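Below is one structure, written out as structure tokens; the observations come after it.
Residue indices begin at 1 and follow the sequence shown. Owing to the predicted nature of the structure, the values given are computational and were not obtained by experimental measurement.
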Amino acid sequence: MKIMGYRRENGKIGIRNHVVILPTSVCSSETAVRISRNVEGSIALPHQHGCCQVGADHDQTVRTLIGLGSNPNVAKVLVVGLGCEGAEPTYVADEIRKTGKTVETITIQQCGGTLKTIEKGTRIARDMVQSVANIPREEVDMDEIVLGIECGGTDTTSGIAANPAVGVSSDILIKKGGTAMLSETTELIGAEHILAKRAVNREVAEKLIEIVDRTEKRAMSLGVDIRGSQPTPGNIEGGVITIEEKSLGCIYKAGSAPIQGVLEYAECPKGKGFYVMDTPGQDIESITGMLAGGAQIIIFTTGRGTPTGSPIAPVIKITGNSNTYNNMIDNMDINAGKIIDEQVSIEDLGKEIFEEMVKVCNGKITKAEALKHREFGIYKIAPTF
């Protein structure tokens with residue numbers, strides 16, 4: 001199946017054409033934001049990390065920054081560093097540059113302070129935006145699409161309508177040669193043994209069980225039994241009263257395809273098909289992990305409603321609750337509540353979602369994009385030192 005996308009230097013396919021201003025630490029985030037404000041068409045990704053992190057936590061932040069810059073939806077990157085942070089700017093830029101795309105690097109200390117960095121960065125970003133503006137879309141294959149699947153603000157309709165329909169659309173994409181990934185490890189708790197039966201081999205099944213166990217132990221190290229803190233108060237108010245209920249509804253988003261592998265946060269899939277990524281249940285951090293893992297498009301189900309978007313990928317918002325759809329129609333793209341209210345089949349709604357996904361890949365703007373919802377956050381796994 002063909003769509004119209006942007007073919008990148010490394011053969012990957014973008015469905016958006018962003019110029020990203022990428023700070024490597026919290027110390028350079030404000031400067032990156034000010035550069036982006038000066039240049040229409042550029043997007044800054046400010047965050048709170050990049051320095052005084054150690055071990056796996058440091059590695060994860062660096063991997064995430066590299067992955068975000070490498071995402072196929074990003075045409076060019078300006079890396080903005082302070083100059084002395086742990087997430088070394090030239091290393092991040094060099095790793096992104098391996099994709100073949102243009103990457104420039106500036107540091108505040110070398111430029112001589114905030115104003116000089118903003119001035120230099122603005123000129124670079126302006127040139128980048130002008131140079132990517134005329135890149136034409138071309139006919140490319142849908143099998144290059146990596147779909148990230150997310151849910152948030154769950155209620156009872158999520159597991160009954162929206163999530164199963166998304167599972168159908170995921171299956172359609174995979175049958176056409178594409179890739180999809182499920183995230184939110186906390187929302188696999190109590191259902192991991194069911195999902196693990198779909199693993200392609202024992203190693204993948206054991207890794208799936210391991211990430212759930214690891215998540216529970218991490219919470220226990222803080223003196224918290226996560227099974228007692230989930231579902232959230234909002235989930236319970238929406239009729240989902242146990243973590244097992246929430247998880248059993250959540251995994252419907254995974255469709256029926258075999259699980260090819262289990263990814264660490266911000267890790268790219270090694271092949272095509274269906275994957276699970278170890279992310280927190282926190283929506284923003286979870287989506288960021290999938291973007292860094294190469295997802296060009298996100299499908300987001302929500303029973304109670306949330307406006308969450310993304311800075312570099314379109315987010316299609318789907319609710320299984322018709323009341324939420326009507327109440328938040330400015331944010332919702334598809335009403336899967338038709339499955340409950342109008343007896344539309346799950347299969348037909350899944351096809352509707354897939355057709356919408358194709359339109360968005362071809363350039364249709366989602367409501368989250370139109371409203372400039374660009375929520376962004378990197379998952380941190382350890383204290384800062």
Item to complete: Find out whether Leu263 and Pro269 are in side-chain contact, i.e. whether some heavy atom of one side chain is under 4.5 Å from a heavy atom of the other.
Response: yes
Worksheet item: If you take all heavy atoms of Gly309 and Ala368, which pair is closest and at what distance?
Response: CA-CB, 3.9 Å
Discussion item. Tell me which pairs pass salt bridge (Lys or Arg N to Asp or Glu O under 4.0 Å) where either residue lies in residues 7-29, with sequence neighbours left out.
Written reply: Arg7-Glu138, Arg16-Glu369
Worksheet item: Sequence neighbours excluded, which residues qualify as ring pair (Phe, Tyr, Trp, His ring centres under 6.0 Å) partners of Tyr379?
Response: Tyr265
Fill in: Sequence-distant partners of Lys197, salt bridge (charged side-chain N to carboxylate O under 4.0 Å, His left out), two or more places apart
none
Practice prompt. Share the residues that join Ile329 in a hydrophobic cluster, the rule being Ile, Leu, Val, Met, Phe, Trp or Tyr side chains under 4.5 Å apart at the heavy-atom level.
Written response: Tyr325, Met328, Met332
Discussion item. Once salt bridge (Lys or Arg N to Asp or Glu O under 4.0 Å) is applied, what residue pairs with a partner in residues 88-97 remain, sequence neighbours excluded?
Written reply: Asp94-Arg97, Glu95-Lys98
Fill in: Closest non-hydrogen atom pair, Pro72 against Gly294
CD-O, 4.0 Å
Worksheet, complete the sentence: Glu245 meets the salt bridge (charged side-chain N to carboxylate O under 4.0 Å, His left out) criterion, sequence neighbours left out, with none
Worksheet item: What is the minimum heavy-atom distance between Gly273 and Gln260, and which atoms define it?
Response: CA-CG, 4.1 Å
Worksheet item: Do you know the tightest heavy-atom contact between Ile96 and Val103?
Response: CG2-CG2, 3.6 Å
Item to complete: Using distance alone, with no hydrogens and no angle criterion, decide if Ser322 and Asn335 have a side-chain donor and acceptor under 3.5 Å apart.
Response: yes
Worksheet item: Any chance OH of Tyr252 has more than 12 other-residue heavy atoms, nucleotides or ligands included, within less than 6.0 Å?
Response: no
Discussion item. Could you measure the distance from the NZ atom of Lys246 to the OG1 atom of Thr154? Nearest 0.5 Å is fine.
Written reply: 5.0 Å
Worksheet item: Does a donor on one side chain and an acceptor on the other come within less than 3.5 Å for Asn163 and Thr301?
Response: yes
Discussion item. Listing request: all ring-ring contact (aromatic ring centres under 6.0 Å, His included) pairs with a residue in residues 12-66, at least two apart in sequence or in separate chains.
Written reply: none
Worksheet item: Is Ile316 linked to Leu371 within one hydrophobic cluster, defined over Ile, Leu, Val, Met, Phe, Trp and Tyr using a side-chain heavy-atom separation of less than 4.5 Å?
Response: no
Practice prompt. Inspect the surroundings of CD in Gln110 and state if more than 12 heavy atoms from other residues, nucleotides or ligands are less than 6.0 Å away.
Written response: no
Discussion item. Assigning hydrophobic clusters by single linkage (Ile, Leu, Val, Met, Phe, Trp, Tyr; side-chain heavy-atom cutoff under 4.5 Å), is Val168 placed with Leu195?
Written reply: yes
Worksheet entry | Side-chain hydrophobic cluster, 4.5 Å single linkage: members besides Met128 | Tyr6, Val19, Ile21, Ile35, Val39, Leu78, Val80, Ile106, Ile118, Ile124, Val129, Val132, Ile135
Worksheet item: Are Met290 and Val62 connected, step by step, through hydrophobic side chains (Ile, Leu, Val, Met, Phe, Trp, Tyr) whose heavy atoms are closer than 4.5 Å?
Response: yes
Worksheet item: From Asp171 CG over to Phe274 CZ, what is the distance, rounded to the nearest 0.5 angstrom?
Response: 8.5 Å
Worksheet item: Does anything in residues 348-357 pair up under salt bridge (Lys or Arg N to Asp or Glu O under 4.0 Å), and if so which pairs, sequence neighbours excluded?
Response: Lys338-Glu352, Glu356-Lys364
Response to the item:
With sequence neighbours left out, the residues meeting side chain to side chain contact (heavy atoms under 4.5 Å, CB included) with Arg304 are Asp155, Glu237
Discussion item. Measuring from atom CD1 of Ile13 to atom CD1 of Ile3, what distance do you get when rounded to the nearest 0.5 angstrom?
Written reply: 7.5 Å
Worksheet entry | Heavy-atom closest contact (Ser36 atom, Ser42 atom, distance) | OG-O, 3.1 Å
Practice prompt. Taking atom CZ of Arg123 as the centre, report whether more than 12 heavy atoms of other residues, nucleotides or ligands fall under 6.0 Å from it.
Written response: no
Practice prompt. Give a yes or no on whether Lys175 atom NZ has more than 12 heavy-atom contacts from other residues, nucleotides or ligands under 6.0 Å away.
Written response: no
Discussion item. Tell me if a side-chain donor or acceptor on Lys317 pairs with a main-chain N or O of Thr308 at a distance below 3.5 Å.
Written reply: yes
Worksheet entry | Connected via hydrophobic side-chain network under 4.5 Å: Leu65 and Met277 | yes
Worksheet entry | Expected output: side-chain Glu85 to main-chain Leu82 donor-acceptor under 3.5 Å | yes
Worksheet item: Roughly how far apart are Asn362 CG and Glu139 CD, rounded to 0.5 Å?
Response: 9.5 Å
Discussion item. Strictly by salt bridge (Lys or Arg N to Asp or Glu O under 4.0 Å), give each pair with a member in residues 52-77 just once, sequence neighbours left out.
Written reply: Asp57-Lys380
Worksheet entry | Min side-chain heavy-atom separation Asp225-Met220 under 4.5 Å | yes
Discussion item. Determine whether Lys217 and Glu210 satisfy the following criterion, salt bridge (Lys or Arg N to Asp or Glu O under 4.0 Å), listing intermediate values before the conclusion.
Written reply: CA-CA 10 Å; Lys217 286 180 178 175; Glu210 177 195 333; over 6 Å; no
Worksheet item: Which heavy atom in Pro280 sits nearest to a heavy atom in Thr186, and how many Å separate them?
Response: C-OG1, 4.3 Å
Worksheet item: Are Leu115 and Val33 connected in the hydrophobic side-chain network, where two residues link if heavy atoms are under 4.5 Å apart?
Response: no
Fill in: Under 3.5 Å donor-acceptor, Ser247 side chain and Glu244 backbone
no
Practice prompt. Please check if the side chain of Gln53 supplies one atom and the backbone of Gly50 the other of a donor-acceptor pair under 3.5 Å.
Written response: yes
Worksheet, complete the sentence: When rounded to the nearest 0.5 Å, the distance separating CG of Asp278 from OG1 of Thr185 is 3.5 Å
Worksheet entry | side-chain hydrogen bond (donor to acceptor under 3.5 Å, both in side chains) pairs, two or more places apart, involving residues 280-295 | Glu150-Ser286, Ser183-Ser286, Thr279-Ser286
Fill in: Atom pair CD (Gln109) and SG (Cys111), whose distance is rounded to the nearest 0.5 Å
10.5 Å
Fill in: salt_bridge(Arg34, Glu30) N-O dist < 4.0 Å
yes
